[in-house]
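Below you'll find the structure, written out as structure tokens, and then a few comments.
In listed order, ligands and their atoms are each counted from 1. Heavy-atom basis, side chains included; hydrogens, waters and symmetry copies ignored.
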Amino acid sequence: MATGACRCGQVSFTTASEPVRCGICHCMDCRARSGAPFIVFVIFPLAAVTIRGARRPVPSASGVREACATCGSMVCWIDDQTGEIELYAGLFSAPGLFKPEYEVWTLRREPWLPALQLAQYPRDRPKR
Ligand SMILES: [Zn+2]
Ligand SMILES: [Zn+2]
């Protein structure tokens, strides 16, 4: 079980299971939304995550994306196709809780950033 919160603390969450997977995304969409050169996402079954506090919807090409209504922290993306929810590693209460298993959209990796010793996918990870 892990806990996390947005920058202001108004939105918080608890996870009741181990993550399904954890990865790094370098895509232009994640870059622009976060303002950072890559994001670390942690995916759980939707039923295993409880979120409290007011969120606002953020436009998304698919699924449901939400941010804290007060401070604007990116909180989650819900994939309505798979019933999974993506939370961001930086929201969790401490570093070191999750370790990425792969990197996606490595085509967009910053040239100064070396690849980790993980599975590498130039674009999206192929569906299993
Ligand atoms: Zn907040
Ligand atoms: Zn991305």
Side-chain angles (χ1 to χ4, degrees):
M1 188 154 103
T3 60
C6 65
R7 177 65 185 86
C8 78
Q10 195 264 133
V11 173
S12 62
F13 58 82
T14 304
T15 63
S17 77
E18 292 299 308
V20 177
R21 59 191 181 278
C22 175
I24 291 175
C25 186
H26 301 271
C27 84
M28 299 307 280
D29 185 47
C30 289
R31 289 170 59 104
R33 276 187 292 105
S34 66
F38 62 91
I39 62 148
V40 182
F41 57 87
V42 193
I43 296 177
F44 294 87
L46 183 55
V49 177
T50 304
I51 307 181
R52 299 163 218 82
R55 282 97 68 196
R56 64 175 166 78
V58 177
S60 179
S62 64
V64 176
R65 194 175 289 288
E66 293 178 335
C68 171
T70 303
C71 72
S73 286
M74 291 167 46
V75 174
C76 64
W77 178 64
I78 297 166
D79 184 343
D80 45 19
Q81 305 290 308
T82 62
E84 292 175 336
I85 182 169
E86 177 175 288
L87 298 165
Y88 303 103
L91 298 171
F92 285 86
S93 58
L97 297 176
F98 308 105
K99 189 173 181 301
E101 297 138 47
Y102 58 96
E103 296 185 73
V104 295
W105 281 98
T106 59
L107 279 175
R108 305 288 185 247
R109 182 201 313 278
E110 286 289 337
W112 46 261
L113 184 65
L116 294 170
Q117 298 298 306
L118 302 173
Q120 302 283 310
Y121 299 101
R123 296 184 175 81
D124 284 322
R125 177 169 159 276
K127 299 271 187 252
R128 299 289 146 89

* Asked: For Pro45 and Ile85, which heavy atoms make the closest approach, and how far apart are they?
  -> O-CG2, 4.1 Å
* Asked: Under 2.8 Å from the Zn ion (ligand 2), which protein N/O/S atoms are there?
  -> Cys25 SG, Cys27 SG, Cys30 SG
* side chain to side chain contact (heavy atoms under 4.5 Å, CB included) between Ser62 and Trp77, intermediate numbers included -> CA-CA 9 Å; Ser62 64; Trp77 178 64; 3.5 Å; yes
* **Protein N, O or S within less than 2.8 Å of the Zn ion (ligand 1), waters excluded** => Cys6 SG, Cys8 SG, Cys68 SG, Cys71 SG
* Tell me, yes or no, whether the heavy-atom count around Arg52 atom CZ, taken from other residues, nucleotides or ligands under 6.0 Å, exceeds 12. => yes
* SB check Arg31 Glu110 (cutoff 4.0 Å) -> yes
* Would Glu86 and Arg21 satisfy salt bridge (charged side-chain N to carboxylate O under 4.0 Å, His left out), going step by step from the backbone distance to the final call? -> CA-CA 10 Å; Glu86 177 175 288; Arg21 59 191 181 278; over 6 Å; no
* Asked: For the rings on Phe13 and Phe92, is their centre-to-centre separation under 6.0 Å?
  -> yes
* So does Arg125 pair up with Glu103, basic N to acidic O under 4.0 Å? -> no
* Asked: If you look at every heavy atom in Thr15 and Met1, which pair is closest and at what distance?
  -> O-CG, 2.9 Å
* Asked: Has Arg123 got more than 12 heavy atoms of other residues, nucleotides or ligands less than 6.0 Å from its CZ?
  -> no
